[in-house]
Amino acid sequence: MVPAIYTALATAMFFLQDAYFSIGGMELSLKNPCALGIVFLALLNFIATVRLGRFMLLVRHALVQALPFLIPLVFSAAIWVSTGADSAAVVNGVGMIVPQLLSVLVAAATLYLFGGKGIWYCLGSMCAANFLSVLVVVQEGGLGQFLQEFYQLLITFSGETGPLMVRLESHDITFAFGPLLLYLLLNWKRSPRPLLWLAAVTFFFLVGLKRIAIPAVALGFAAAFLLRLLPEKASRQAALCAAAAMMAFSFLYIAGIRYGLFQYLEERLQINTMGRVNMFANLEPYYDMSFTFMGRGTGFERFVDWASGAVYQTPRQDLMPIHNDFLRMYLNIGFVGYWVWLWGWLIVRLRYWFRQGGRDAGCLFLGVCAYCFVLYATDNSIYYPYTLLACALAPMAQGLDGQARAALEEQCAQWSRRGGEAPPPRTDSKTGDDPA
C-alpha cells in the first residue's frame, strides 16, 4: 500500500510542475501539496514503524543537506532587518527558500519509507511523470510528428526545437535526472536492472535535452570516478582541493563578469553571449566586488527586469532571470555571506559525506557538486525543486541501510553504557524490514 501511495503522489508531484491554483489571490503550485503528502506519509509510517536508526541518520543527513539553504536565510534576515525591507520582499525571499527545504524533506521522507531503495522509487516516479507528459504530447500532435521532432532535436543538439519538443522542455526535471544518472553509473553493479534504468533515464534526459547538462554529467562522473580510484585519505584530500578550486573559480568568475569578461568574449572573440552582456550591465549598479558589500537579500532579482533594467516595487516571477547562480547568490547575500555559503555548500558537506559514508559517498557528493557547478555557472537551477531533490537524494541514499544499522547499534551501545535498557532489535511486522 505504501509504495502505491508514494508512487502516485511522487508521479503527480513531477507531472504537475506547471499546474497552479489560487488561494486569496496567491498563485501556488499543485506540486507542493503532493510533496507535503509524501512528507505526511513518511510521518505516518514513522509512527507505525519507528525505524530509529534510519530516522536518526536521516535527520543528520537532512540538516547537512539543508545547510546551503539556511545560510542565505540567515544572511537575508539580517539584510531585511538592517534595511527595513517591507513584507513583500521578506515573503518573496522566504518563499524562494521554503521550496528548497521542502525538497530536502521529500528526499528524507522517500528514504525513510524505503531505505536505500527509495532512490529507485523516486526515479521510477520521475520516469512515469515524463512518460505521461510524452503521451499527452503524442496524443495532441501525433506519434509521427513527435518522432520527427525528436530526431531533429538530437541531430541539431537542440539547435532546432519543434513545438512538441518545446512542450517537453522542462529544465527542472531534465536537470533532476543528472544526479540520479550519476548515482546509477557509480553504483552500476549494485543497481537493480541497471541497463533498463539507463535506457529509461537516457531517453527522458534527451527528450527534454538541455545541452549544458551533458558536459555537467560528464564532469561530475569523471570527478567522482577518478577520485574513487585513489586510497580513501588521498581521495578525501583531492576532493577538498577540488572543492577549494571550485570556490575560488566561482568568485573569480563573478569578478570577471564585473570587470568585462563577457564584453571581451563578445567584442574581441565574436562569441554570441545570448544577451548576457546587456543583462550583466544592468546588474552592475546593484553590487560591487568589496568586502563591505552586504547583499540585497534573497529574492531581490525578482524586483528588476535584467533585460531592460526596469525596477518594480513588488516582486515578479516573469522577469528575465540571471543566468548565473553564483552571481545571483553574491548579489543576494553579499561578500561575506557568499563565502560562508560556499563553505557550507562544498567544504562542510564534503567532509560530512566522507566521514559519514566513506569514499563512495564522498566522491558521489563531489560528483553531484561538480554537476551543479556547471549548472550554477550557466543557468538558473539553484532554486529548481526537482533538481534539488535529486541532488539531496543521491548522496543520502549511498550506503544508507548499512549506516542506519550502525547508527542504531551505536545508540543501543550508548544506552547500555548509561545503564538504560536498549530496545531489542526487531523487524517490521508487515514488511520484514530491518528496523534501522
Side-chain angles (χ1 to χ4, degrees), residues 60-75 97 100-101 103-104 107 175 178-179 182-183 186 215-217 219-228 230 232-255 295 298 324-384 387-396 398:
R60 293 202 303 268
H61 284 2
L63 288 173
V64 169
Q65 289 300 91
L67 185 61
F69 316 136
L70 296 174
I71 290 172
L73 180 61
V74 171
F75 277 91
I97 293 173
Q100 293 181 308
L101 299 174
S103 295
V104 176
F175 286 148
L182 288 175
Y183 182 92
L186 293 169
V217 168
L219 177 63
F221 176 73
F225 179 78
L226 292 175
L227 289 186
R228 287 210 312 185
L230 300 175
E232 183 153 346
K233 183 177 180 181
S235 176
R236 181 172 61 253
Q237 292 173 341
L240 289 170
C241 289
M246 283 193 282
M247 292 171 64
F249 183 85
S250 74
F251 183 77
L252 292 174
Y253 185 42
I254 295 172
T298 295
N324 185 323
D325 282 325
F326 292 121
L327 178 54
R328 172 154 62 168
M329 190 61 67
Y330 184 85
L331 172 73
N332 284 341
I333 60 176
F335 186 98
V336 174
Y338 181 76
W339 281 103
V340 174
W341 172 76
L342 278 179
W343 188 263
W345 177 56
L346 280 169
I347 303 298
V348 172
R349 296 197 300 169
L350 191 60
R351 284 176 171 168
Y352 173 83
W353 287 115
F354 267 103
R355 183 175 66 252
Q356 178 65 53
R359 180 177 55 189
D360 286 352
C363 291
L364 172 62
F365 178 73
L366 180 70
V368 171
C369 286
Y371 173 80
C372 290
F373 183 86
V374 177
L375 301 188
Y376 290 178
T378 57
D379 215 282
N380 314 288
S381 55
I382 201 166
Y383 292 107
Y384 285 171
T387 304
L388 295 174
L389 167 59
C391 289
L393 193 63
M396 291 168 71
Q398 184 74 48

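On a predicted model such as this, the values are computed, not experimentally measured, just so you know.
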[X]/[Y] aromatic ring centres below 6.0 Å:
X: F251; Y: F335; result: yes
X: Y371; Y: F175; result: no
X: Y338; Y: W343; result: no

> Can you tell if the side chain of S235 reaches within under 4.5 Å of the side chain of R228, non-hydrogen atoms only?
Replying inline: no

> Does a side-chain heavy-atom distance below 4.5 Å link V217 with L182?
Replying inline: yes

Roughly how far, to the nearest 0.5 Å, is the [atom2] atom of [Y] from the [atom1] atom of [X]?
X: F365; Y: R349; atom1: CZ; atom2: CZ; result: 3.5 Å
X: L375; Y: Y384; atom1: CG; atom2: OH; result: 9.5 Å
X: L364; Y: F225; atom1: CG; atom2: CZ; result: 14.0 Å
X: I254; Y: L331; atom1: CD1; atom2: CG; result: 10.0 Å
X: R351; Y: L346; atom1: CZ; atom2: CG; result: 11.5 Å

> Who pairs with R236 by side chain to side chain donor-acceptor pair (under 3.5 Å), at least two apart in sequence or on another chain?
Replying inline: none

> What pair of heavy atoms forms the shortest contact from F373 to S250, and how long is it?
Replying inline: CE1-CB, 4.1 Å

> Should F75 and W341 be marked as a ring-ring contact (aromatic ring centres under 6.0 Å, His included) after you check the CA-CA gap, both sets of side-chain angles, and the distance that decides it?
Replying inline: CA-CA 10 Å; F75 277 91; W341 172 76; over 10 Å; no

